[in-house]
Amino acid sequence: MPSSCSHLPRMQQKPVTILYFAWLRERTGVAEESLVLPDGVRTVGGLRTLLSARSPRHREAFAAPGLVRAAVNQVFATQDMPVAPGDEVAFFPPVTGG
Amino acid sequence: MPSSCSHLPRMQQKPVTILYFAWLRERTGVAEESLVLPDGVRTVGGLRTLLSARSPRHREAFAAPGLVRAAVNQVFATQDMPVAPGDEVAFFPPVTGG
Amino acid sequence: MLRVLVQAEPFDVGGEYERLLNGCAGAGALANFVGVVRSNEQRPITALTLEHYPGMTQAALERIAQDAVTRFGLLGCSVIHRFGTLAPGEGIVLVVTAASHRQAALDGTAFLIDWLKTDAPFWKKEHLANGEDVWVEARAADDKAAGKWKEGPFSECLPKIRPAAI
Amino acid sequence: MLRVLVQAEPFDVGGEYERLLNGCAGAGALANFVGVVRSNEQRPITALTLEHYPGMTQAALERIAQDAVTRFGLLGCSVIHRFGTLAPGEGIVLVVTAASHRQAALDGTAFLIDWLKTDAPFWKKEHLANGEDVWVEARAADDKAAGKWKEGPFSECLPKIRPAAI
């Protein structure tokens with residue numbers, strides 16, 4: 001019997017890749033990690049809350065003063081935007097290039 | 001008995017140097033000429049009228065369509081500005097540098 | 001002609017001018033902008049490190065370069081943004097635009113550098129002469145400068161949403 | 001640093017960038033503009049001749065370069081304007097500005113080129129491919145562009161009157 005992607009056991013779901021840049025990378029101590037999205041986490045904001053609880057350093061990094069911005073699959077994203085298995089989600093401070 | 005500059009005979013007055021640029025130079029056939037200001041010609045506009053009568057080519061040049069501008073002693077000038085013996089007065093079309 | 005590079009190596013301002021000029025027949029006006037690592041007596045720094053988001057940078061810069069060409073009717077433009085550690089006086093970013101007339105070249109250059117300041121995924125860290133390392137903070141003035149391009153007749157051409165704080 | 005040249009020889013865009021950068025400690029932004037002899041399929045030209053008013057040009061350019069530095073708080077600027085006969089693709093005029101931040105450099109560059117278009121005593125003659133020689137006519141749009149700098153808080157700083165038609 002065929003099953004759709006959303007009904008796969010969690011082990012078989014494609015993980016989400018998480019990237020951190022600038023002081024978020026330094027404070028979490030992580031440049032890249034991956035996790036399988038638990039049920040109920042389907043937005044950028046939801047993922048951020050989940051990640052904040054991942055370690056004391058994560059909590060500290062996301063709680064630090066200063067704005068945190070995000071991109072999903074290399075496109076800037078707001079917190080209400082959806083995150084799906086296999087996505088690449090990046091967290092970073094406001095950009096300062098140029 | 002000393003005499004002021006304005007009472008010198010015309011022969012001893014310093015002449016005005018006249019310069020022409022661009023199509024004014026081409027149409028008058030003159031790049032530079034000089035003349036002693038006659039009595040009553042004391043402005044850029046007066047000088048222009050005087051020069052227009054200097055030769056058929058001068059008349060034609062000053063009558064040609066297109067604006068004519070001027071500078072007195074290397075500073076842009078309007079027609080009511082004074083011209084004095086020894087001045088350098090230039091006539092030219094609107095500038096097109098840059 | 002469109003030329004977009006994200007690189008660690010220095011760029012050659014004169015060479016990029018020649019390259020764009022040669023690639024844009026009929027050009028009458030070229031403008032450029034170079035952002036330079038700044039150090040001054042009030043706040044001496046020994047170096048600046050630029051971090052970027054490699055998977056995103058090249059594509060984002062290509063989109064905005066194409067957008068600038070369309071918006072301002074440019075004959076071409078070059079955008080080169082460096083990453084890595086740079087010394088004071090080194091060029092960080094180069095924008096060159098070519099157009100038939102000057103206003104398009106000047107406006108295209110201002111548009112591109114305003115955009116790069118607010119929407120290109122780069123982050124600067126200053127290495128101060130006193131030994132401290134400090135991440136540069138985004139300036140509200142930069143957001144305002146970039147925002148001005150979102151008014152006017154071309155606002156519907158904007159390629160993407162701006163990131164909101166989350 | 002102020003560098004003003006009126007010359008027949010070509011200028012070196014990359015060399016002038018380096019020179020101004022080296023002459024302006026603390027610069028974070030350099031902008032430039034190059035006006036180029038334009039030839040296109042609609043109106044092919046073989047060359048452009050620039051005539052100027054030698055006694056007036058250098059002093060006028062020095063005044064406006066100094067004015068730009070004061071108005072925009074530039075760290076320095078270079079203005080090089082060529083005269084004589086130039087081939088298509090050759091640079092006619094180069095403006096380079098250096099400032100702490102980008103807006104001053106961009107505004108200073110736009111100001112200088114707008115001014116050069118309307119107030120510097122140069123005249124262009126195009127040598128058309130069909131053999132005709134044509135004096136370029138001044139554009140009303142140029143007067144308008146230069147005029148915009150006369151509004152705002154610095155209008156009293158204008159160095160001189162504009163020539164009126166007589």
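Chain identifiers are assigned alphabetically (A, B, ...) following the order of the sequence lines, protein sequences preceding nucleic acid strands; residue numbering begins at 1 within each chain. The analysis underlying the following values was restricted to heavy atoms, covering all of them including side chains, and did not include hydrogens, waters or symmetry mates.
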Novice: Can you tell me how far OG1 of T96(A) sits from CG of L48(C), rounded to the nearest 0.5 angstrom?
Specialist: 8.5 Å
Novice: Of the non-hydrogen atoms in V95(A) and D119(C), which two are nearest, and what is the gap between them?
Specialist: CG2-N, 3.7 Å
Novice: Applying side chain to side chain contact (heavy atoms under 4.5 Å, CB included) to W23(A) and K125(C), what does each step give before you reach the verdict?
Specialist: CA-CA 9 Å; W23(A) 55 254; K125(C) 186 188 226 175; over 6 Å; no
Novice: Quick one: which of W123(C), F122(C), F83(C) gives a ring-ring contact (aromatic ring centres under 6.0 Å, His included) with F21(A)?
Specialist: W123(C)
Novice: Counting C-beta onward and ignoring hydrogens, is there a side-chain heavy-atom pair between Q58(C) and Q74(A) closer than 4.5 Å?
Specialist: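 The answer is no; the side chains never approach within 4.5 Å.
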Novice: Answer with side chain, backbone, both or neither: which region of K117(C) has an atom nearer than 4.5 Å to a non-hydrogen atom of chain A?
Specialist: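 It is both, since atoms from each part get that close.
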Novice: So does E137(C) have more than 12 non-hydrogen atoms from other groups sitting under 6.0 Å from CD?
Specialist: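 12 or below, so no.
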Novice: How about CD on E60(A), more than 12 heavy atoms from neighbouring residues, nucleotides or ligands closer than 6.0 Å, or not?
Specialist: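 Counting neighbours around CD of E60(A), 12 or fewer heavy atoms of other residues, nucleotides or ligands fall under 6.0 Å, so no.
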Novice: Determine yes or no for a side-chain-to-main-chain donor-acceptor pair under 3.5 angstrom, with H81(C) supplying the side chain and G97(A) the backbone.
Specialist: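 Looks like no, no N/O pair under 3.5 Å.
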Novice: May I ask you to test the F92(A)-E51(C) pair for a side-chain heavy-atom distance under 4.5 Å?
Specialist: no
